[in-house]
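These notes are about the structure you will find just below.
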Amino acid sequence: MSEIRELIAAGRGTIDGVELDFERCYRAVDSRDGRFDGWFYTAVTSTGIYCRPSCPAVTPKPENVRFYPSAAAAQRAGFRACRRCRPDAAPGSPEWDVRADVVGRAMRLISDGVVDRDGVPGLASRLGYTERHLHRMLVAELGAGPLALARAQRAQTARILIETTDLGLAEIAFAAGFGSVRQFNDTIREVFGSAPSGLRKQKRGPAPETGAIHLRLAYRPPLHAESLLEFLALRAVPGVEEADTTTYRRSLRLPHGTATVELTPTPGYVAALLRLSDVRDLAPAVARCRRLLDLDADPVAVDTALAEDEALAPIVAKEPGVRVPRSVDSFEMAVRAIVGQQISVAAARKVLTNLVPPGQALFPGPEEVLALPDEAFKMPSARRATIRALASAIAGGELDLDPGADREEAVRNLTRLPGIGSWTAGYVAMRGIGDPDSFLPTDLGVRRGAKALGLPDDPKALDAHAARWAPWRSYALIRLWRHA
């Protein structure tokens, strides 16, 4: 467990009913270490604002400080967001990326906009719990229920649209997920201490490009951008995505329409250029881009744990901050995994290109795959049948591979489909569902990388050795692939 996680877990019930240790949190704020951003939020009673731990403002007196596990909890307690450090734009807590329990799954679904689209009943139904029980669990962990968490996200989405587009404020209100303009106005005033028009007056820089939204996606350093771009470029499907040494571009299929995105890693943030057919899709688009590049990870915790293995320590030191390249669409990733069985990456790209209908810039969804003729599948008939079985299970609601899915159940259901074994299911778990602890001991590249590092390359022996890398085996796997 990392130093930061120990800090958050230390002490019980000492601050507003949440497991945060005051002295440790206060020292973190005094150090202004950006690694703590997103783990907790600092509220100052004398000013009525809440900040990131790294806020450059003068450290408040201890008697004026309160700590909260989420921005929503700070807002619920009556604090407004700091305009200087913009705590609402901090990286998300790595806890919700790692955890496979109900709270972690709920946070990933809220981030993807499920509450805005389907309400709390829809979220509870997806998770298999009653609304009351779900509310109780989220309040216990985060100090706020699903509505408050979704409201905090709406406020952030609205601020982005106000400051980066020329959309009318009423249009922004509904695009951000608010039920009325009045609700939008009240929330913006409460969260940011300013009317929406005041936020627009504060925006700086050149006039935004029509139809484009420019964002800065924060992350915790270090970020080994080169490995991300290399990995994605090698596997890019022409017409759907492309990547070079600086930027990754692709199309997105979103709840209300389509979009394109350009992602350019820079020191301190990833510059994102989004073009949405429907601005209501801003929040899910951002969530999927962050998930793709693994931007909510805690690289220091991961690298520290992996470096305890003498075999991995040199490559961790050489390339700090290597992330797990994930996906923007779990069905697409599952198809990629099936196509990639026992063939090279280059050969898989050619096969996948044939699945994209001519003139279409989007990877086909389940229904479109089911409608494709046999000749579109340049593969053995058994593999074609597997892809169709996958598409049918997804379209029929029998299989859930979304980030909010139960990971163990998803893997079990995947392996029940004909033609899907442990390698395919593990690959989907890692890149499609976002499991940080998936490992593929039978993979040839993994075994070659292990052998090059002096580790056992026999699958059983390697799998046994990899147990010491838990809960970060997906990150170790990426490093073994790179070393191969």
Side-chain angles (χ1 to χ4, degrees), residues 97 219-237 241-248 263-265 270 291-327 333 336-337 340-349 423-424 426-432 434-459 461-463 465-484:
D97 211 30
Y219 61 80
R220 293 174 185 81
L223 173 71
H224 197 272
E226 180 184 352
S227 61
L228 276 172
L229 293 172
E230 283 181 359
F231 189 98
L232 294 171
L234 188 63
R235 293 160 178 79
V237 177
E241 56 185 337
E242 62 177 349
D244 53 34
T245 57
T246 62
T247 301
Y248 173 76
L263 300 170
T264 305
V270 172
R291 187 161 67 240
L292 171 70
L293 300 184
D294 197 15
L295 297 184
D296 289 324
D298 181 355
V300 174
V302 174
D303 288 355
T304 299
L306 296 184
E308 292 178 359
D309 189 320
E310 293 181 358
L312 295 184
I315 62 174
V316 170
K318 182 180 179 181
E319 294 184 341
V322 168
R323 310 292 174 109
V324 176
R326 293 178 178 169
S327 69
M333 187 49 58
R336 288 172 180 258
Q341 293 172 352
Q342 300 177 335
I343 63 175
S344 68
V345 171
R349 283 182 65 184
W423 182 94
T424 305
Y427 189 90
V428 175
M430 178 178 69
R431 296 197 61 204
D435 187 350
D437 199 34
S438 183
F439 194 66
L440 310 176
T442 62
D443 183 87
L444 182 59
V446 170
R447 294 169 60 193
R448 285 175 174 170
K451 184 176 182 179
L453 291 172
L455 294 168
D457 63 342
D458 172 75
L462 178 58
D463 197 32
H465 184 94
R468 69 186 64 185
W469 301 331
W472 310 116
R473 281 175 282 192
S474 294
Y475 293 85
L477 188 153
I478 295 295
R479 289 188 176 277
L480 292 179
W481 269 341
R482 284 186 63 73
H483 202 68

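- When all heavy atoms of Leu306 and Ala476 are compared, the pair lying nearest together is CD1-N, 3.9 Å.
- A salt bridge is defined here as a Lys NZ or Arg NE, NH1 or NH2 lying under 4.0 Å from an Asp or Glu carboxylate O, and Lys451 with Asp458 fails to meet this definition.
- Contact record, Ala484 with Arg448: CB-CB, 4.1 Å, taken as the closest heavy-atom pair.
- No side-chain heavy atom of Ile478 sits less than 4.5 Å from a side-chain heavy atom of Arg323.
- Counting only heavy atoms from C-beta outward, the side chains of Leu480 and Leu477 never approach each other to under 4.5 Å.
- Residues Leu229 and Thr247 have side chains not in contact (no heavy-atom distance under 4.5 Å, counting atoms from C-beta outward).
- In this structure, Arg473 CZ and Asp463 CG are separated by 7.0 Å, a value rounded to the nearest 0.5 Å.
- Looking at Thr442 and Leu462, their side chains never come closer than 4.5 Å, going by heavy atoms from C-beta outward.
- Each side chain to side chain donor-acceptor pair (under 3.5 Å) pair with one or both residues in residues 226-236, not counting sequence neighbours, appears once here: His224-Ser227, Glu230-Arg482.
- At least one donor-acceptor pair closer than 3.5 Å links the side chain of Arg447 to the backbone N or O of Asp457.
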Report the C-alpha separation of Arg336 and Glu241 in whole Å, then their side-chain angles, then the decisive distance to 0.1 Å, and conclude whether the salt bridge (charged side-chain N to carboxylate O under 4.0 Å, His left out) test is met.
-> CA-CA 14 Å; Arg336 288 172 180 258; Glu241 56 185 337; 2.3 Å; yes
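- In plain terms, the two heavy atoms of Pro456 and Ala450 that are nearest each other are O-CB, 3.7 Å.
- Thr246 contributes atom OG1, which lies 4.0 Å from atom CG of Asp244 (distance to the nearest 0.5 angstrom).
- Taking every heavy atom of both residues into account, Pro459 and Pro441 meet most closely at O-CB, 3.5 Å.
- Distance CZ/Arg291 to CG/Asp296: 10.5 Å, rounded to 0.5 Å.
- The shortest heavy-atom contact between Ala301 and Trp472 is O-NE1, 4.1 Å.
- Under the 4.5 Å side-chain criterion, counting only non-hydrogen atoms from C-beta, Trp481 is in contact with Val446.
- Judged as a ring pair (Phe, Tyr, Trp, His ring centres under 6.0 Å), and not counting sequence neighbours, the contacts of Tyr427 are Trp423.
- Thr264 places none of its side-chain heavy atoms less than 4.5 Å from the side chain of Val270.
- Remark: Leu455 CG to Leu453 CG distance equals 5.5 Å, nearest 0.5 Å.
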Assess whether side-chain contact (heavy atoms from CB on, under 4.5 Å) is satisfied between Arg479 and Val322, documenting all intermediate values.
-> CA-CA 8 Å; Arg479 289 188 176 277; Val322 168; 3.6 Å; yes
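- By the side chain to side chain donor-acceptor pair (under 3.5 Å) test, Tyr475 is found to be paired with Asp294, residues two or more places apart in sequence or in another chain being considered.
- Distance alone, capped at 3.5 Å, places no donor-acceptor pair between the Ser327 side chain and the Met333 backbone.
- More than 12 heavy atoms of other shown residues, nucleotides or ligands fall within 6.0 angstrom of atom CZ in Arg349.
- Applying the salt bridge (Lys or Arg N to Asp or Glu O under 4.0 Å) rule to pairs touching residues 309-318 yields nothing, sequence neighbours excluded.
- The nearest pair of heavy atoms linking Val316 to Ala307 is CG1-CB, 4.2 Å.
- Atom CZ of Arg326 is separated from atom CG of Leu293 by 11.0 Å, given to the nearest 0.5 angstrom.
- Taking the ring pair (Phe, Tyr, Trp, His ring centres under 6.0 Å) definition, one finds that Phe439 meets it with Trp469, sequence neighbours left out.
- For the atom pair CG of Leu234 and OG of Ser344, the computed distance is 9.5 Å after rounding to the nearest 0.5 Å.
- Of the possible polar contacts, one joining the Ser438 side chain to the Gly426 backbone as a donor-acceptor pair under 3.5 Å is found.
- Residues that satisfy the side chain to side chain donor-acceptor pair (under 3.5 Å) test with Gln341, not counting sequence neighbours, are Thr424.
- Residues Glu319 and Pro222 form no side-chain contact, since every pair of their non-hydrogen atoms from C-beta on lies 4.5 Å or further apart.
- In this structure the side chain of Leu228 never reaches within 4.5 angstrom of the side chain of Pro265, judged on heavy atoms.
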